[in-house]
Structures are given as structure tokens and as C-alpha cells.
K.L.:
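After the C-alpha cells below, expect a handful of questions from me.
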Amino acid sequence: MKCWLVLPMLLLASALHAAVETYQFSSPALETRYHHLTSELRCPKCQNQSLASSGAPIAADLRRKLHRMLEEGRSDHQIIDFMVSRYGNFVLYDPRFNRQTAVLWLAPAGFLLVGAVVVLLIYRRQKNAALVAVDDAPLSDDEQRRLRQLLDEGDKDSVND
Amino acid sequence: MQRFKLFLPLVVFAVVALLFYVMIIRIDRGEYNPHQLPSALVNRPFPKFKLGRLAATDRMVSRKDLLGRIALVNVWATWCPTCREEHGFLVHLARDEGVLIYGVSYKDQLSDARQWLKQHGNPYRLTIYDPKGSLGLNMGVTGAPETFLIDQRGFVRMRYQGPLDETVWREKFQAKIKQIKREQSGDSGSATG
């Protein structure tokens, strides 16, 4: 027995202790769906753990129920309905769109819209400012002459003072 | 105006910080508990079931047996320390205030549960024995104790997770019961009128 293996294995064991029970599945497809659903459903007792990773007794009960429902041939949709009707939308990591979750789903689009409006406003203001600046820049020949004249007069005045 | 805009990020930060702070205070005061989920069962019929009584497991109880009056359905277990904490208050409610309470013995040993009631007093009109937690699952129970308030038609009107005490009873349950009674009298008023 290689002693140096013991410590890392013990450490690993504590990380893996959460979901201990194993289930037999009549087909590999069911097992895949089981793993998918346990990672998609949230443990109702925990703040942020999936059914797969939670060690809470209620999570174990729900995994057992999930296994039985899969073996009974229920669809994913039926199983998710079953969970939601008992534990509410909280159990879904990927919540469905409805009145309660509308804000959650639409908020990112809303923020994007607000951001777009702000960017548009800034862009338009800068463009207007640039237009004004361009308007001011070139002086006509007449204006140039008058400007020089004014400057010259100013020079004379200051000399006289 | 332009100068005010410079402070906008600070203002946003202050508002968000204030919101977080208010939430922390509410959690401290027990007004808000992030572990308490809204029950999916509220304003829906109490689930159907057919289970034995704790006192005599061959005598079956079903949803029908819970109808007719406003009642509490209390989910408890001997393995749950918080249930011990609230038990005295439940006994007080049943004995001194005449509150109708049904018990659900949740995932427990028959002998342990019977012994518990003998030892600490029995506040329950009848106790449903649910050793596998099948009724608990249909009620959306995540642990014990949990207390459901049902109206006379058997609709769940409120769910409370955690131990009942004087404050919770007064502030949450009595307010809801008053509301249910108002609805009842309103219903009968419109029926006669």
C-alpha cells in the first residue's frame, strides 16, 4: 500500500461526500438525463447547491423521487412540473419565462436598451459640438482682414498707453 | 448640472449600499430570512394523501379529515431540535387558545414519535404518520419544523418555516387568520344579501 496516496485520497473523499447514493438505471440514456436534471434543479433547502451536489436530506429524497420518476418513464417536462408545483420556481436554475420571472429575463435587455440610449445621446451631443466647432473655424478673407485690423489697433493702443 | 453628473456614480453607489444595508438590518431583525422560500402551495388546495394515524397506523387519514375549520398543520420530527423548541408553544396554543392543530410526523420512528408526545404533551387533534416523507414532499416541505395555515375549504393560506413562537404567531398567523375570517363573513354576507 502506498502510504503517500492516503492523504490526497482522504482530502478527495471529503470533497465527494455530498451525494453518496448510487442508482441503477435501466438504460444509459436515463442516467444521462438523471445527471442533467440533478445539476439543473436546485436543492430547496440550500441557498445555492444543485440536487447533485447537496448533502441535505431533502435533496436525497428528491434524487430518489427523480430516479423513480425517470424509471416510470416520465418526461423531463413532467418532472420539472412536479418539482415546481411543490417547491416553486426557486428549484430551477434555468427558470421558465412567466409573470414572476419576467423581470429576471427582461432586465438584461432593458439595461442594454438604457445603455444604447445613453451612448446615442453622448454620440449626438459630441457630433453637434463638433459641428459648432467646424462652423467657427474658417474665417472669410473679409473677416481675416478685420481681425488683423482690430489686433493692430490694439497694439497701437497699448503703445500709446 | 455638469458638476452634478460627476457625482452620479457616487450617488448610485450610495443608493445600492443603502439597499444592501437595509437588507442586512432586516435579516438581523428577523423580518427577512433568505432561507425561507415562498411556498408554491399558498392559495392552492392542501395535497391529497392517505396515510395512517400515529396513534393507530391502520386507521387511515385523508385530506377530507382536515377540512371544515381554520387549522394549523405542523410538520415535526423527534430528530429535529427546533421542533423541541416550539413544542411547548404549540401545546399552549392548543390548550389555552383553542387553536386546532394537526400534526405530521415527518420521517420518524413510530415509537420515538409516540414517546415524544407522551413526554412533552400532545397539541395535535390528530397526527398523520408520514415515515417516508411522501406527504412532506407533496407539501413542499424542506425540513422540520414547518407550519401551514389552512382555511376551512382546505386551501393552504400560509407556510412558515422554523419554530413558532409568540411573536410569529401574533404578527404572521393571527393577521392572516383575521383576514380569512373577514373573507368568510364577506362571503356569507354576499350570499344572504
Side-chain angles (χ1 to χ4, degrees), chain A residues 21 37-38 41-51 54-70 72 74 78-93 95-96 98-101 103-104 107 111 114-115 117-119 121-122 125-126 128-129, chain B residues 1-2 5-6 8-9 12 16 19 23 27 32-49 73 75-83 104-109 130-146 148 155-156 158-162:
Chain A
E21 77 279 9
L37 283 167
T38 50
L41 291 167
R42 172 151 59 162
C43 158
K45 184 79 181 170
C46 326
Q47 283 299 288
N48 204 357
Q49 272 185 307
S50 67
L51 280 190
S54 169
I58 186 67
D61 286 359
L62 290 177
R63 284 194 297 266
R64 189 175 342 109
K65 185 78 190 171
L66 178 64
H67 171 250
R68 205 163 66 215
M69 289 176 89
L70 283 170
E72 282 167 1
R74 310 267 203 108
Q78 282 173 319
I79 289 169
I80 287 171
D81 275 349
F82 175 91
M83 297 292 176
V84 170
S85 69
R86 280 154 186 79
Y87 296 98
N89 284 311
F90 180 86
V91 294
L92 300 180
Y93 269 125
R96 292 164 173 175
N98 58 33
R99 261 219 328 257
Q100 273 179 308
T101 59
V103 174
L104 195 64
F111 287 131
V114 169
V117 168
V118 168
V119 167
L121 283 178
I122 291 173
R125 182 169 303 168
Q126 278 185 351
N128 285 344
Chain B
M1 183 63 198
Q2 207 64 30
K5 266 194 212 157
L6 283 176
L8 212 57
V12 171
V16 172
L19 278 176
M23 281 322 262
I27 290 171
Y32 171 76
N33 182 351
H35 290 272
Q36 263 185 14
L37 299 184
S39 168
L41 225 57
V42 167
N43 293 329
R44 289 180 186 227
F46 191 82
K48 286 182 181 155
F49 66 94
V73 181
V75 180
W76 62 281
T78 58
W79 45 260
C80 136
T82 330
C83 299
V104 176
S105 168
Y106 178 62
K107 290 169 65 174
D108 216 337
Q109 297 286 332
D130 185 19
K132 288 185 185 145
S134 60
L135 173 59
L137 194 83
N138 286 338
M139 289 166 78
V141 165
T142 62
E146 286 196 16
F148 290 70
F155 276 62
V156 173
M158 202 176 117
R159 187 266 292 266
Y160 184 77
Q161 296 176 302

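Note that these values count all heavy atoms, side chains included, but never hydrogens, waters or copies made by symmetry. First the proteins, then the strands, lettered A, B, ... as listed; each starts at 1.
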K.L.:
Heavy-atom count check: over 12 atoms from other residues, nucleotides or ligands less than 6.0 Å from B/R44 CZ?
P.N.:
no
K.L.:
How about A/Q78: does its CD atom have over 12 heavy atoms from other parts shown lying under 6.0 Å from it?
P.N.:
yes
K.L.:
Measuring heavy-atom distances to chain B, does A/V84 have an atom under 4.5 Å in its side chain, in its backbone, in both, or in neither?
P.N.:
backbone
K.L.:
How many angstroms lie between atom CZ of A/R86 and atom CG of B/N138, to the nearest 0.5 angstrom?
P.N.:
4.0 Å
K.L.:
Without swapping roles, check the side chain of A/Y87 against the backbone of B/S39 for a donor-acceptor pair under 3.5 Å.
P.N.:
no
K.L.:
Shortest non-hydrogen contact from B/A40 to A/S85?
P.N.:
CB-O, 3.5 Å
K.L.:
To the nearest 0.5 Å, what is the distance between OG1 (B/T142) and CG (A/L62)?
P.N.:
10.0 Å
K.L.:
What closest approach, in Å, do B/L137 and A/K65 show between heavy atoms, and which atom pair accounts for it?
P.N.:
CD2-CD, 3.5 Å
